[in-house]
Structures are given as C-alpha cells and as structure tokens.
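Below, each value reflects all heavy atoms present in this structure, side chains not excepted, and no hydrogens, waters or symmetry copies.
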Amino acid sequence: MRHARRRVVRRVTRLAAVGGLLLGGAMVAQAAMASETPSAPARPLAATGDTGAALVARLGTARTAGDWIGADGRTVVAVTDEAAAREVRRAGAEAKVVPHSMNELKSATATLRSAPRVPGTAWAVDYRANRVVVRADRTVSAGDWSRLTRVATGIGGFVHMERTKGTFTTRLNGAQPILSTGGRCSAGFNVTDGRSDFILTAGHCGPAGSTWFADNQGGQQLGRTVNSSFPGSDFSLVQYTGGKAGAGADVVAIGGGKGVRITGAADPAVGQRVFRSGSTSGLRDGRVTALNATVNYPEGTVTGLIETTVCAEPGDSGGPLFSEGIALGVTSGGNGDCTAGGTTFFQPVTKALTALGVRLIVSARNAGGAPGGTPSPAPAASAAQGAMAPNAASPGSSAPVTGAPQGSTLLARLTDTRNVGPGLLVIAGSLIALVATRYIRAEQDRKAYRRYYSATWG
C-alpha cells in the first residue's frame, strides 16, 4: 500500500512539472512576441501639403464641402469648382468636385432643425456623398415620417431619407463603471481645472448634484456631478470626492486590467478609424462617418455630435472615444447593439473641454511635468489627427490600470506579456522538480535493491 501511494505521488509530481514547463514556455513565448518591434506608422497625410481642415478653412465653405480620409489614407477635399480643385492638388491632397457647397448643406440642416421636432430622428452631412442623410428609427410614426419627408423634399434632392433599425436612445444604464440611483454609466476621461480633478462623462448620465459610486452597494463614493449639459450638448463633470484622480489618471480602461495612455485631445476626421471603451461592451472599433450630427432623443435634441459605426450598449454612456492615444469624444447614444451593429454618436471632447474650462490629465512625458501624470492643454486638432491611414490606426500605447483589479484573473496575470522573468522561473522550477523526482526514484530503487539482496544472502 505504501509503495502504491509513493507511485501516485511521483506521477502527480511529474505531471505538475510537465505542466509547469508548458506554462512557462507559453509565458516566455507570449512575452517575446509582444516585445517585437511594431511596424512603422503610416506616412502622415499632410507630409507634402496642408491638412484637409486647413485647406477647407483657406478656400472657404462656399467653395468646399468638407474633407475626409480616403481608403488609401490620403486626404480628400470636396470642392465646387476646378480652380479650387487645382489648389487642393497642389497642396498634396486629392480633390473631388461636387455640386453642393458646405453652405448649402448647412442651410439644409438648419431647415431641418427649424421644423417641428420628431423624437427618434437624426441627421448629418455625408461629405463623401455630398448630401444630408436623415434617419428615422422604428418609433417614428408614418405621419411624422411623411411630414419630415415633405420638409426634405422642399429643401432639395440632396437630402436623403432612410429608415433605420432599432431606436435612437442614450446609452445610460466604460472604461470603468460609475453608478448612481439614476443608472450606470462609464467614466470618460480624467480632467482638471488646476485645483481639483474630475471625470468627464455624458451629460445625460445625471444632472448636477448626482452622487456616483464605484460599487453596486453604494459603499465606495466616487464623486458628485458639479456641471452638466443635456440636451443641446451631452457632457458633464463629476468631481472626485477626494479632489484628486490618483495614479493612472492618464489611462482609460479597455478591460482585463489594461488601459490606453491618453496623450492629448483633438477632433476626428471623417473616415478615421476610432476606438471606444465602455463598461458594458468593452473595447470596440469603427469609423467616423460624419461630424456635426444632430440626434432627436426622446429626452431632447443634441447637436454637434460625432457619428460613427462603432457599436454601443446600455451602460456604455460617457465612455471614451479615442485613437492613437488621442481623446476624441464621450459616448452619447445611438441605435443597435454590438451583436447586430448600429450607429453611435459621441460628444466631441474639444468642445466639452472648452465649455467647461478644464483640460485633460495626460502622461508626464507628454505634459513635460513630474511623473504620475500632469495636466496639459489639448493639442490643435489639425496637428494631432489625420496623420494615419484609416487601417493603420490603433487605440494607443498600452498601460496597466492601477487600482482596478476588476476582470483580472489568475490566468490573465500568469500570461501577462511582461512575464519573461516569471516564465523562466516556472521553467527552472519545473526542471528541478523533474530531476528531483528522478533522483528520488533512483535512490528508492537502490535501497530496495540492497534490502532485497541483504535478505536473500543473509
């Protein structure tokens, strides 16, 4: 019986050692792959000329109709005459001659805004198609749809009407989740006014005076809303209870204990690949399809939004929109979900920062300050965005989310891409265990052999 138990112990030890070798090898291999030098970034769009925004500003809205990033990564500017097209080409961008100027397109959206408000509708200028697209969700009645269609027809044939699936709603219910009696939202970006630190999130998440918690039990108070704008715009400030955001204030969470380091703020470009993080659906990506969009939520109308193909679900409201570590917006609302897809709208960060009189908290190496993250003014939009081909964009540099162990499992920690050292230690320990098991077995066999022959030969 004793011999049988020894055999079982030896077998279990050998299996554990082999498992340790496999795990250690996986840790080292994953870390080695993660440490490979990334490919070189795409060539800046404006390396040989002005940016699209600068060209539009110089030529004027009577001769242009917006700019976007083409499929090949080049800046495209819509113009209304050949003289403007030649100037765009000389600047190194691609020109597209269109029939309607930005002045005409903006006049159309102004007419739509002046019409009787219809909840469940949204519109935006489609630069690439040189038209205004009006969408209505399934809650819009046939009568309202007919009346809105007559308004569009009166404007002109460049106003396109279409029905869409789902309903246009705010995504209340995330980065990290923040909770109040009104529901669950997601934290957006950490900002400061130089005296206190705040969370920038969606305005519809709660009016001024709302108290926010970091847990479902309401035992860990996070802060209180001190400024909110909704409808019209969709942003608010939640002041931290202790006054400071703490370590990792320049990082937005993307799940699994990981985050993206934020280095500045800017406005996006149409066609740009962007990323959103939220406490319900995690990290998602898509493209910017329009700027200055208007959405008629049941609670009220919000204007000046970023329209994207990124999906979102209830609880993602207020979560950050970013690309290449540049803050772009906070989640407002939309239709659909992350199974069927849909349209999601975002409040631009730059407009919120200006209106609130605050600035982003960014990493020390970008702010030129002390370690731990210091505030920095937002960079100019034309300088920070539009520098990468659409397919070359990434969320930004990865960083650990401090003080947020949620979602971090033992397996995730063991397979962390930084674990080269621990992986080698696991391999070494497993080899020692195998050698020791082999030695112990040989020693036991030698002693058994001596006992047997001692008894046999007296």
I'd like to check [X] versus [Y] (side-chain heavy atoms, cut-off strictly below 4.5 Å). Are they in contact?
X      : Y      : answer
Lys96  : Trp68  : yes
Ser281 : Arg276 : yes
Phe230 : Phe235 : no
Asn335 : Thr167 : no
Val358 : Asp193 : yes
Leu328 : Val274 : yes
Leu105 : Asn130 : yes
Glu87  : Leu59  : yes

Just by distance, no angles: are the side chains of [X] and [Y] close enough, under 3.5 Å, to form a donor-acceptor pair?
X      : Y      : answer
Asn296 : Thr301 : yes
Trp123 : Thr109 : no
Glu313 : Thr280 : no
Ser236 : Ser228 : no
Tyr297 : Asp234 : no
Glu307 : Thr343 : no
Thr164 : Asp137 : no
His204 : Ser317 : yes
Arg224 : Thr211 : yes

Next item on the list: Look at the aromatic rings of Phe158 and His100 and report parallel, tilted or perpendicular, splitting at 30° and 60°.
Entry: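 Answer is tilted, since the angle falls between 30° and 60°.
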Check: Is NZ or CZ of Arg163 both nearer than 6.0 Å to the six-membered ring centre of Trp145 and within 45° of the ring axis?
Finding: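 Because its charged atom sits under 6.0 Å from the ring centre and within 45° of the axis, Arg163 does stack over Trp145.
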Note to self: Can you confirm whether more than 12 heavy atoms, excluding those of Lys165, are under 6.0 Å from its NZ atom?
What the structure shows: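 For Lys165, atom NZ is not crowded (no more than 12 foreign heavy atoms under 6.0 Å).
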Please check if the side chain of [X] supplies one atom and the backbone of [Y] the other of a donor-acceptor pair under 3.5 Å.
X      : Y      : value
Ser394 : Glu324 : no
Thr64  : Gly66  : no
Thr153 : Thr149 : yes
Thr225 : Ala208 : no
Ser279 : Gly315 : yes
Thr308 : Thr344 : yes

To check you understand the geometry: which heavy-atom pair defines the closest contact between [X] and [Y], and what is its length?
X      : Y      : result
Val260 : Gly325 : CG1-CA, 4.2 Å
Leu283 : Pro395 : CD2-CG, 4.4 Å
Thr201 : Ser186 : OG1-O, 3.0 Å
Ala249 : Ala245 : CB-CB, 3.7 Å
Gly259 : Val251 : CA-CG1, 3.6 Å
Ser277 : Ile254 : OG-CA, 3.6 Å

Just how far is it from atom [atom1] of [X] to atom [atom2] of [Y], taken to the nearest 0.5 Å?
X      : Y      : atom1 : atom2 : value
Arg287 : Ser323 : CZ    : OG    : 10.0 Å
Trp212 : Arg184 : CH2   : CZ    : 10.5 Å
Thr294 : Phe345 : OG1   : CZ    : 9.0 Å
Asp197 : Asn190 : CG    : CG    : 7.0 Å
Leu200 : Ile361 : CG    : CD1   : 11.0 Å
Leu321 : Ile326 : CG    : CD1   : 12.0 Å

Next item on the list: In sequence, state the C-alpha distance, the side-chain angles, and the governing distance for Thr75 and Thr51, and then conclude on side-chain contact (heavy atoms from CB on, under 4.5 Å).
Entry: CA-CA 7 Å; Thr75 295; Thr51 64; 5.9 Å; no
Next item on the list: Take Leu291 and Tyr127, measure what side-chain contact (heavy atoms from CB on, under 4.5 Å) needs, and give me the verdict at the end.
Entry: CA-CA 9 Å; Leu291 305 175; Tyr127 294 167; 4.2 Å; yes
Notebook entry, point to check: Stepwise, does the side-chain contact (heavy atoms from CB on, under 4.5 Å) test hold for Val349 with Phe189?
Noted result: CA-CA 9 Å; Val349 160; Phe189 301 97; 3.7 Å; yes
Next item on the list: Evaluate side-chain contact (heavy atoms from CB on, under 4.5 Å) for Ile178 paired with Phe213, printing each intermediate quantity in order.
Entry: CA-CA 6 Å; Ile178 54 176; Phe213 299 89; over 6 Å; no
